[in-house]
Amino acid sequence: MHGYFVVATAAAHVFSFRSTTKQRGLAIALSLAASLVGSSALAQTAKGPKPKRDIPDEVARRRIQRESDPATKFRSRQLKRATLLNSALAQTASLLTIKRDSADEIAKNRTQKEIDPFAKFENLREKGMWLNIPGPADTIDQDKGGVRSALADVGIGYVGGTVISLVDNQLPNAARATTANQLYMGQIPTFSTVNFMIVTYDLSRFGIPDGQIIVGAEQQYWTWKPGGPDRAGLNTLAYYQTFFDRKLELKMGYLRNVNEFAGTLVGGNAGASVLAPSSNILYQAGMSNNAAPTPALNVKYNFDDHLYDKVTIQRSISPDGQYAQITENPTGLSWSTANAGILLLDEIGYKNKAAPGLPETWLRAGAGFNNSSYKNLQYPQQSRADANSVYYVAADRQLWQSDVQGSAYRGIYGGFSVMYAPPDLNRVSQYYELRLYAKGLFDSRPSDQIALVATNTVWSNFAVDAALAKGNLVHRDSTAILGTYTAHLAPGIYASVGLAYINNPTSITHTRQTGHALNLLVSTSIFF
């Protein structure tokens, strides 16, 4: 640039010797042009590429300047803070989205429950029992024609059922008998049918907490009469209500306490459960049941949602057994039967229903005392005794949940029962049961049940010794292993098939041909 400026200046001096105005103006013009040309060349030089060896030095110099510049440091810190803030805001937004989605899901589930067409019938199901009788959604008629809804509008609910069973020993040479001298169920094909109808009336509509009136009737028929016998009569006539925000429950009337205490059905569902022989020891202790309801007052105190204590004061069934009770009082309407007194029984327990991540658990223990007049097995020649008792401990626990979030009840369960009654007044003195069962084990069959049950029944040593003294073949206990599969075929329809091996199926005495049985069990349950 300096060279261009010198040349232009020299040219201007040459023209100045001309001493004319025009020459001076031309010189000035040339000088300005030279300056513009020099500036243009400088700009092009500045924009042109630099040698490559200068690039690293320049980058390093600029980095050092940035790092040492306080303004740059401040901007860097601000940028980092902004980045952290944006990250926190993004995480918060994500959590809010998740919570919003959860809230939407809860609202969706709540809406589905609110529009459940069968929810309005729940308050009309019989209250106070541990036994789960299928509800209106699991019946063959459900609410067809709106009949159930019309009745519900005036406070009336109902459930009916038919249970048909067949038991047949599959072993050859099993001393087939006639009906008259049959010794145990299945020795010859044994058929039974039980039909019942229960109607409830809702009293909570009048301000009575959980108030309910229950009326039921039952008819049964057995080809082997000691298994029944045949009857038609009252099933239940009861009043139920709660007090103190459901802390206290009261139920009184003609009750079936086998559905209120102990838990004798494997699985707890009337449609899919297996009836184990544990009920025998409770019947001989005087406990009322579906075929033999008796007057009773039940009071249950709930310490919290799980722990409870339940007491009954009940008119005992006949101390001579179930058959004697039904034969004498087939309708169930009589206040008492011969030699029957009062059964006082107390059960304390802990129970929680299955929930996601919370397995179902039921622990219970009970003791009962009966002042009925029992035959004295130890001293048969003496008068009857009136101080009988029964004790039991039982537990059921869900071992594994197969569908935790969907249907928490599905999975595998295990349980046991131990019962004792004094051998001087009771033919069955001890009872032991182990059970393993599964509910909804298969995704395609979520309502089916599989059960494997092993039992041991110990007979009174006094009764066994008395039979032995008469020269009979006797056994001191009876052991059985039972496996069943119950399929839920359709709403209100269940079908069960099972096989039971029984060592010593008869009661105390037997013959050489009746020492074993392999019983095929088939049953169908229909609810409406």
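Note that the structure is a prediction, hence the values are computed from the model and not measured.
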Trace of the side chain to side chain contact (heavy atoms under 4.5 Å, CB included) decision for Ile198 with Asn235:
CA-CA 8 Å; Ile198 297 173; Asn235 177 278; 4.0 Å; yes

Under the side chain to side chain contact (heavy atoms under 4.5 Å, CB included) rule, what do Ile140 and Ile526 come out as? Steps first, then yes or no, please.
CA-CA 8 Å; Ile140 58 173; Ile526 302 173; 4.0 Å; yes

Begin with the C-alpha distance, continue with both residues' side-chain angles, and end with the deciding distance and a verdict on side chain to side chain contact (heavy atoms under 4.5 Å, CB included) for Thr361 and His306.
CA-CA 10 Å; Thr361 303; His306 307 297; over 6 Å; no

Arg125/Asn132 under side chain to side chain contact (heavy atoms under 4.5 Å, CB included): CA gap, chis, key distance, verdict
CA-CA 10 Å; Arg125 299 175 67 178; Asn132 179 32; 2.9 Å; yes

Evaluate Lys127 against Glu122 for salt bridge (charged side-chain N to carboxylate O under 4.0 Å, His left out), listing each step before the verdict.
CA-CA 10 Å; Lys127 300 175 182 179; Glu122 283 299 311; over 6 Å; no

Just do the side chain to side chain donor-acceptor pair (under 3.5 Å) check on Tyr221 and Asn195 with the steps written out, would you?
CA-CA 9 Å; Tyr221 169 80; Asn195 306 284; over 6 Å; no

Test side chain to side chain donor-acceptor pair (under 3.5 Å) applied to Gln170 and Asn519, step by step
CA-CA 6 Å; Gln170 302 299 298; Asn519 282 346; over 6 Å; no

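Looking at every heavy atom in both residues, Pro491 comes nearest to Gln142 through CB-NE2, 3.6 Å. The minimum heavy-atom distance linking Thr236 with Tyr254 is given by the pair OG1-O, 3.0 Å. Here the closest heavy-atom approach between residue Val266 and residue Gln449 is recorded as O-NE2, 3.3 Å. Across all their heavy atoms, Ala463 and Arg427 have their closest contact at CB-NH1, 4.5 Å. Of all the heavy atoms in Gln325 and Ala292, the pair that sits closest is CG-CB, 3.7 Å. In plain terms, the two heavy atoms of Asn289 and Arg256 that are nearest each other are O-CG, 3.5 Å.
Between the side chains of Thr312 and Asn257, at least one donor-acceptor pair of N or O atoms lies under 3.5 Å. With 3.5 Å as the limit, one finds no donor-acceptor pair spanning the side chains of Lys247 and Thr242. Residues Ser373 and Asp386 have side chains that never bring a donor and an acceptor to within less than 3.5 angstrom of each other. Side chain to side chain, Asn298 and Gln314 fail the donor-acceptor criterion of an N or O pair below 3.5 Å. In this model, a donor atom of one side chain and an acceptor atom of the other lie less than 3.5 Å apart for Tyr431 and Glu433. No side-chain donor-acceptor contact under 3.5 Å links Ser165 and Ser523. In this structure, a donor-acceptor pair under 3.5 Å is present between the side chains of Glu347 and Tyr392. For the 3.5 Å distance criterion, the side chains of Arg435 and Ser417 qualify, holding a donor opposite an acceptor. Residues Thr193 and Gln219 bring no donor and acceptor atom of their side chains to less than 3.5 Å of each other. Of the N and O atoms on the side chains of Tyr379 and Gln381, not one donor lies less than 3.5 Å from an acceptor on the other residue. With hydrogens and angles left out, the side-chain atoms of Asp477 and Asn456 include a donor and acceptor closer than 3.5 Å. A side-chain donor-acceptor contact under 3.5 Å links Asn169 and Tyr184. Side-chain atoms of Asp424 and Asn376 form no donor-acceptor pair, as typed in the model, at a separation below 3.5 Å. Side-chain atoms of Asp138 and Tyr494 include a donor-acceptor pair closer than 3.5 Å.
A donor-acceptor distance shorter than 3.5 angstrom exists from the side chain of Tyr374 to the backbone of Gln284, with no hydrogens or angles considered. A distance-only check finds no donor-acceptor pair linking the side chain of Thr337 to the backbone of Ala340 [under 3.5 Å]. In this structure a side-chain-to-backbone donor-acceptor pair under 3.5 Å is present from Ser478 to Asn504. Gln182 contributes no side-chain N or O that, together with a main-chain N or O of Pro189, makes up a donor-acceptor pair within less than 3.5 Å. Under the 3.5 Å distance criterion, the side-chain polar atoms of Thr509 are left unmatched by any main-chain donor or acceptor of Val474. Using modelled atom types, one side-chain atom of Glu328 and one backbone atom of Ala338 make a donor-acceptor pair closer than 3.5 Å.
Salt bridge present: Arg384 and Asp320 bring a charged side-chain N and a carboxylate O closer than 4.0 Å. Between Asp465 and Arg476, at least one side-chain nitrogen of the basic residue sits less than 4.0 Å from a carboxylate oxygen of the acidic one, meeting the salt-bridge criterion. A salt bridge does not link Glu360 with Arg410: none of the charged nitrogens is closer than 4.0 Å to a carboxylate oxygen. Here Lys251 pairs with Glu260 in a salt bridge; the nearest charged N to carboxylate O distance falls below 4.0 Å. A salt bridge links Arg364 with Asp396: the distance from a Lys NZ or Arg NE/NH1/NH2 to an Asp or Glu carboxylate oxygen falls below 4.0 Å.
One distance of note links NZ of Lys120 with CG of Asp143; it measures 5.5 Å at 0.5 Å rounding. Here CG of Leu441 is found 5.0 Å from CD1 of Ile450. Values are rounded to the nearest 0.5 Å. Rounding to the nearest 0.5 angstrom, the gap separating the CZ atom in Phe369 from the CG atom in Asp346 is 9.5 Å. Going from atom CD1 of Ile213 over to atom OG1 of Thr200 covers 10.0 Å, rounded to the nearest 0.5 Å. If you take CG on Asn329 and CH2 on Trp335, they are separated by 12.5 Å, rounding to the nearest 0.5 Å. With rounding to the nearest 0.5 angstrom, the OG atom of Ser372 is 8.0 Å from the CG atom of Leu343.
Both tests pass for Arg148 against the ring of Tyr158: distance under 6.0 Å to the centre and angle within 45° of the axis. With a 6.0 Å cutoff to the six-membered ring centre and a 45° limit on the axis angle, Lys300 counts as a cation-pi contact of Tyr308. For the pair Lys439 and Tyr413, the cation-pi criterion (under 6.0 Å, within 45° of the ring axis) is fulfilled. Stacking of Lys310 on the aromatic ring of Phe261 is recorded, both the 6.0 Å distance cut-off and the 45° axial limit being met.
Put simply, the side chain of Pro319 does not reach to within 4.5 Å of the side chain of Asn370, judged on heavy atoms. For the pair Tyr283 and Val258, the minimum side-chain heavy-atom distance is below 4.5 Å.
The stretch residues 228-246 participates, sequence neighbours left out, in these salt bridge (Lys or Arg N to Asp or Glu O under 4.0 Å) pairs: Asp210-Arg246, Glu218-Arg231, Lys225-Asp230.
In this structure, Ile313 places its CD1 atom where only 12 or fewer heavy-atom neighbours from other residues, nucleotides or ligands lie under 6.0 Å away. Counting heavy atoms of neighbouring residues, nucleotides and ligands inside a 6.0 Å radius, atom CZ of Phe244 does not exceed 12 of them.
In this view, Phe303 and Tyr301, Leu307, Asp309 satisfy the side-chain contact (heavy atoms from CB on, under 4.5 Å) rule, not counting sequence neighbours.
Using bins of under 30°, 30° to 60° and over 60° for the plane-to-plane angle, the ring pair Trp362/Trp130 lands in the tilted bin.
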